[in-house]
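Have a look at the structure below before the remarks.
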Amino acid sequence: MLIARYGRALAPALLLVSACAAGCSALHHAPAHPPPPAAATLPRPTLARMHDARTGSSVVLARSAGKLLAFAADADENTLHAVDLDTRTELSVTPLSGSPSALLVLPDGRLAVALRDQAAVVVLCARAPAAPLEPCARAGVPDDPVGLALTPDDGTLLVTSGWAHTLTALDAGTLARRFDQDLPREPRAVVVSDDGQRAFVSHAVGGGVSVVDLTSTIHAIHHVSVDGHEPQQDAMTAKAGDLARSGEQGYALAKVGPPAAGRILAPEVLVFSGDPTQRSSGYGGGESFGADVFAVAVVDEDAGSALADSLTVSTKGTDCLLPRAAARGPGATALVACVGTDEVLEIDGSASRPSEAIQRRWRVPAGPNGIAVDEAGARAVVWSAFARAVSVLSLAAPRALETRAPEASFALPRGVEAVDPQRELGRALFHATSDPRIAKDGRACASCHPDGRDDGLTWSTPNGPRQTPMLAGRLEGTAPYAWNGDGATLEKHLGHTMQRLSGSGLSDRELAALVAYIATMKPPAVSRSDDAKVARGAAVFDSGEAGCSECHGQAGAEPDHLRHDLHTKAKGDSTGKFDTPSLRFVAGTAPYFHDGRYPTLHALLEHTDGQMGHTRNLSPADLDALEAYLRTL
Amino acid sequence: MRALARAFSASLVALVLALAGGARADTVPLSALPVAKIPRRPKELPARPAHGRTIAEVATPQPAWSGGPWVTTERSKAPACMEVEDPTGRTSITSVFGVTSELAPFRVLRLVEEGGKVSLDVVDGWLDPIGNVPRELSHARVELARVASSPLGFDVYAYRTGHEAVFLVPSHGALSYREPSPAENGDGEPIATSDCGFVRLRLDTARKEGASAMAFDVSPAAWPREDHASKPAHVWISASVSRVARDPEPRLSISWRGFER
């Protein structure tokens, strides 16, 4: 019965099955028991990717046994959901050994999954229709893998690692590591040029798209700036000027199809963080400037540069202040998923300023962070991670004035973990853009703290310049809060922050929920190193000579809860006394100091002698060891 | 040869119209726009100006507070705008214009719909002091391509001239718009207003960095069309031109966006 049912359905995919059988058998572990004779004659169910989908996402489509399946990465429960899109039923739940961030169907029918907290890419194979997938290969990659892509020849699987700021190339068949390439901070999405010669990588912070040469052994990096500018005109002198804006929130990339091929769209937010030498009424330059503006950088795939007009701010749109996913849409369009507004936008990828060329919009369940497109079926599938829901959007529907509802939307049943409603509420609040209770100009907590980390910016504030601190995994036991230690509790500090953002404020229940969420945000899973250099650095850190642990405590995680005047008051600072910060995860939070004056840890250690411990008398080797140790905290 | 060119031009316009009718993003190669030859603006009147036709869309009110002659366009007759030139030679459109001298020429741009086709008439005129009558000096007609259309009830037309792609957006009411300043004026993008029945958006197709313009608060003459039940509060139309290395020529994009009441 089973044979008849699936044998027929699989017949069209026999060629792919054969290919996969060859590829998979070489990789997966030998079965403990020989398969029964009947099964040996069965073609093994496999996955056929859609079209030429070569970019990873938290949701991907694949055909199997005549069905169109959506696979969704559930980072809350560490599972992979397989959903039959035609019957809208969940076929299977595959438990994973870690938190999935990106999925990609490999050309041989296996499914690659980046496990963010495992520093690994696991490859899953389908053994039986409607059954959970099984791991058949695994490769270690640098910490915090977040993005996947295949080269056009399907030979190389590229992996971006956020915390480790690395692009890794793996053999797509064997998963053998070909190279690691260091990148600027917090890489996220990766796409490959049509000719396979360059990889384009977006960055959650830092205003750039990295272009990595894949052809030579050196893998040179070219930095494409996606920082923005806002034309200004002085009302008195009528002189033209420019306000510089930093490109942030680069989580997604989408290649545009014909007739506008050759363009890569990089949704982002252009941020004006104010003049750090001047105090402001809030965070940034004040209400009239609008700190965050939605933009979509147009990167010329062949020229390796961005169209300047796409980085120009004029109408200050706030349509999508937390863009988290993008995909190529029909024709010259692209789809962008917006966490915070819980919408998907269709934008014209042929426009010079695509953020002003929004064609259609759909409202979807909370937390959309993945899009996959079924071009033949004229539909898009969206994974809403917070609501744990799959939505189907009709791309054939005519344009309309109103925001549309999905054609279908279905939440997946919870697994073993019970829902914590307080944490769910806190997560929704943390990511809520355009919520006047939090910020008048539409900013969310996640705007400055993407993934609970930091934006790498120094903001003009009423107290002076303030570098954004990382939150995830860094708050426990560190009261008081804020650089000046003004907030005795996190609730008080958050309330004060919302006041500065001209928000009307949250209720006590909501504040408590927000604190509950922030306290449980997942920090990056960092591989610890036990080598001798790090051990030496730990000894230096704890030594009386350097004096680091005197204030920052054991392993930098137990600060003394005191304010110190380090004689480092900057222009604009209202006071020179600063609360001792935690040093947990300090390696990934450049720039350093309350005003971001030091671009690297090394510069900080070199230049703060006498103000904050003593480093002048350390040998170069000890200084190097201390830095190595700090990078492990 | 000329007939061939005309046939080619007609087929390009047909292509543009086909694109405009679709539901997708309206992306058009520059060569799909008809080429317009806009006559040079006369700097001054000839010694004996011809007694041409009167310009029906132009009125010549004499407000009590005004010392000189004024010409205004009357939108009730047809979408028509005065084109005025600033000392730098940059032109803009307006519904009212103070003629610096009774013998100074002026220019009127009007949208004309005939036989289902929309054209732009470029009319140079002068103010005949006998009876204060606005009269035609010369008249040229520019063929337009409809590059975007919507069931909401508006159309966008365009032509190209020299390096410029020019978009015309009819609007029943006053509207504001933004277009890039010429390079010599810096990168400012000032917001201007128009209340003469349409707005003109000009984009320099030679700009390597791309260029974009936007018309805000566009209000079609008739709300709603039968196939759309609700009336939006605002419609924004954005037009842009850009070119990446792979594009054989600059690419135009026209988008519209409605805001619900």
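Quick note: numbers below take in every heavy atom, side chains included, and nothing from hydrogens, waters or symmetry partners.
For NE2 of A:His222, the number of neighbouring non-hydrogen atoms (other residues, nucleotides, ligands) closer than 6.0 Å is greater than 12.
Between A:Asp319 and B:Arg257, the closest side-chain pair of non-hydrogen atoms falls below 4.5 Å.
Scanning all heavy atoms of the two residues, the minimum distance from B:Ser242 to A:Ser350 falls at OG-O, 3.4 Å. Contact between A:Ala351 and B:Ser240 at its shortest, heavy atoms only, is CA-OG, 3.4 Å. A pairwise comparison of heavy atoms in A:Ser352 and B:Val241 identifies CB-O, 3.6 Å as the closest pair.
The backbone N or O of B:Ala245 sits less than 3.5 Å from a side-chain atom of A:Asp300, completing a donor-acceptor pair.
Note that CG of A:Leu307 and CZ of B:Arg243 are 12.0 Å apart. Values are rounded to the nearest 0.5 Å. To the nearest 0.5 Å, atom CH2 of residue B:Trp256 and atom CD1 of residue A:Ile358 are 12.5 Å apart.
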For this session: Decide yes or no on salt bridge (charged side-chain N to carboxylate O under 4.0 Å, His left out) for A:Asp194 and B:Arg246, but give the supporting numbers first.
Result: CA-CA 12 Å; A:Asp194 291 342; B:Arg246 209 176 294 181; 2.7 Å; yes
For this session: Could you check B:Ser238 against A:Arg353 for side-chain contact (heavy atoms from CB on, under 4.5 Å), going step by step and ending with a plain yes or no?
Result: CA-CA 9 Å; B:Ser238 66; A:Arg353 214 177 283 184; over 6 Å; no
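Donor-acceptor pairing under 3.5 Å is lacking for the side chains of A:Glu356 and B:Ser212. Side-chain polar atoms of A:Ser314 and B:Arg178 form a donor-acceptor pair below 3.5 angstrom.
For B:Tyr159, there are no ring-ring contact (aromatic ring centres under 6.0 Å, His included) partners two or more places apart in sequence or in a different chain.
With a threshold of 4.5 angstrom between heavy atoms, A:Glu301 approaches chain B through side-chain atoms but not through N, CA, C or O.
Residues of residues 255-265 of chain A placed with any heavy atom under 4.5 Å of a heavy atom in chain B are listed by number as A:Pro259, A:Ala260, A:Ala261, A:Gly262, A:Arg263.
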